[in-house]
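Single-structure report; data block below.
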Amino acid sequence: MYSIVKYKHLISNQDADTQKRYGMIEKLSNGFTTENTTALALDKLLTEQIELETESEVLVEEPAIKKVSRSKSKNGSDDVEMAFTNLFEALKQHTIPALNVNNDSLRDAIAETLKRVKIRLSDLDEDLQKRVSSSPVLIKYDFPKTKTAPFKKPEIADFQRVVDDVMLGNNVFLVGGAGTGKTYLAENLIAKMALGRQYITINCSQWTAPVEIIGGQTMDGFTEGKLIEAWSKGYVLILDELPKIDPNTAGLLNDALAKTKVSGAIIFNARKESFPKHEDFACIATGNIYPDKESITYGANNKQDLSLLDRFSGSVYFISKNPVIERDILHNDMVWSICDKIRSVIDELKYEAQLSLRFMQNARDAYNLEMLRIKDKGKDGVQANDGKTLKSAVDSYISTFTEVQQKNIKDKIRYNELFGHYEYRDFPTSKMVF
Ligand SMILES: Nc1ncnc2c1ncn2[C@@H]1O[C@H](COP(=O)(O)OP(=O)(O)OP(=O)(O)O)[C@@H](O)[C@H]1O
Ligand SMILES: [Mg+2]
């Protein structure tokens, strides 16, 4: 039932974390006698880990041993050759069955052989000489298996770095103005396309409740939290608009986000049930600001605890407007150039407002609808001017400014020349207006 039992003899050689996990399984299963769901899940993880480690040791070392034992010693000494043979035999005896390495007796056997004969570096085969003298630094990655269909690399400067970060188990924070494409980047481009993983999103606001994060009682009985679900099933947890969350509620994320990198780490839900981490769990947060202070432009964002922000340190990316992507998505340079002009005018006049890709899409869709109606000569019974148009989209956008601001914006974008009599309808969509 518990497969880790057969590696009991190896546990004392493992790191503290592994030993702790072994102890936990032993405890939860009453000494491996009862079937406990958490213990079984932990058991599977730990067994896989140990098998992977021992397998890779054997895979790496065995060819080297054989090579050494077969290599001709340079000085032709029989003693050295014999020593090699003895060493090989000793290693074979003490590492077979492969998973049953007894470190102490192996060490004794090697010491015994080397007592009788000295082996110099030059006695070793060339490949091994190189390996010994360059003494490589050993590193170990714990990458989850990632298999995805090929897709076009997005024109986003930090794209590969963000994907690497998520793969390395770092929590990522994407910061950028409204409608710059952060949510789309996190959910679709990174989680779905680059990593081929499912995602689960918490839309953070001041009303986000603990039940959504760690579960709790609802009208339908106990509902599991999204953090717990992502954690235990290996989804990418998207904390959309994280800075808007109440800092006290955000505290519930601290423990888990500190352990995103720790294989098999345990967290607890609202019922104090424990959940081991699935190796594919990852977390991407988005926000309009980096919430280390209060924001004037983005008022609903809260200053967050530094301990929460620390969970993302080293992996914060600022996403800015990206004309290449915008034009690619819009497929309409005429509409894009008008939107871009309004955006730069707002910037120039220092008005506190955003013009996002979302608005651009809205304006483009409006334009397509009105042009369709004109082409079909009101087949749907609606005159183009009565329905949604590029002009009405721009009007709606500008109407959110004060009267003085509206006048200034309109002057700067030559509103009357473009929109007075729907002049833009005669412009080609492949050319910029500005
Ligand atoms: N690479 C892309 N390809 C296609 N559509 C995209 C892409 N990036 C963003 N979009 C679209 O642009 C719009 C804005 O993107 P998104 O909602 O991701 O922005 P955001 O930065 O999260 O905005 P907010 O801060 O307001 O939440 C959405 O309609 C989205 O579908
Ligand atoms: Mg968003």
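Read the numbers this way: they start at 1 and go in the same order the structure lists the ligands and their atoms.
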Looking at [atom], what's its closest protein heavy atom, distance included?
| atom | value |
| --- | --- |
| atom 13 (C) of ligand 1 | Gln361 OE1, 3.4 Å |
| atom 17 (O) of ligand 1 | Arg358 NH2, 2.7 Å |
| atom 25 (O) of ligand 1 | Lys182 NZ, 2.7 Å |
| atom 15 (O) of ligand 1 | Gly181 CA, 3.4 Å |
| atom 18 (O) of ligand 1 | Tyr184 N, 2.7 Å |
| atom 22 (O) of ligand 1 | Thr183 OG1, 2.6 Å |

Check: [X]/[Y] side-chain N/O donor and acceptor closer than 3.5 Å:
| X | Y | value |
| --- | --- | --- |
| Asp333 | Ser430 | no |
| Glu241 | Asn203 | no |
| Ser29 | Asn36 | no |
| Asn322 | Glu326 | no |

A student checking ligand 1 against Thr180 at a 4.0 Å heavy-atom cut-off should list atoms 19 (O), 20 (P), 21 (O)
Return yes when [X] approaches ligand 1 closer than 4.0 angstrom through a heavy atom, no otherwise.
| X | answer |
| --- | --- |
| Thr286 | no |
| Gly176 | no |
| Glu241 | yes |

Is it possible for you to check whether Arg271 lies under 6.0 Å from the centre of the six-membered ring of Phe222, through NZ or CZ, and within 45° of that ring's axis? yes
Q. Under the 6.0 Å and 45° cation-pi test, does Arg364 pair with Tyr367?
A. no
Which of Thr429, Asp365, Leu390 passes side chain to side chain contact (heavy atoms under 4.5 Å, CB included) with Asn332? Answer is Thr429
Logged contact type for Asn288 with ligand 1, heavy-atom cut-off 4.0 Å, is side chain
Note: Ile329, heavy atoms under 4.0 Å from ligand 1, region reported as side chain
Quick check on the 6.0 Å ring-centre criterion: do Phe275 and Phe268 meet it? no
Quiz item: So, do Tyr415 and Tyr397 have ring centers that fall under 6.0 Å from each other?
Solution: no
* Asked: From Thr286, does some N, O or S atom reach closer than 2.8 Å to the Mg ion (ligand 2)?
  -> no
Among Pro154, Gly179, Ala186, closest by heavy atom to atom 23 (O) of ligand 1 is Gly179
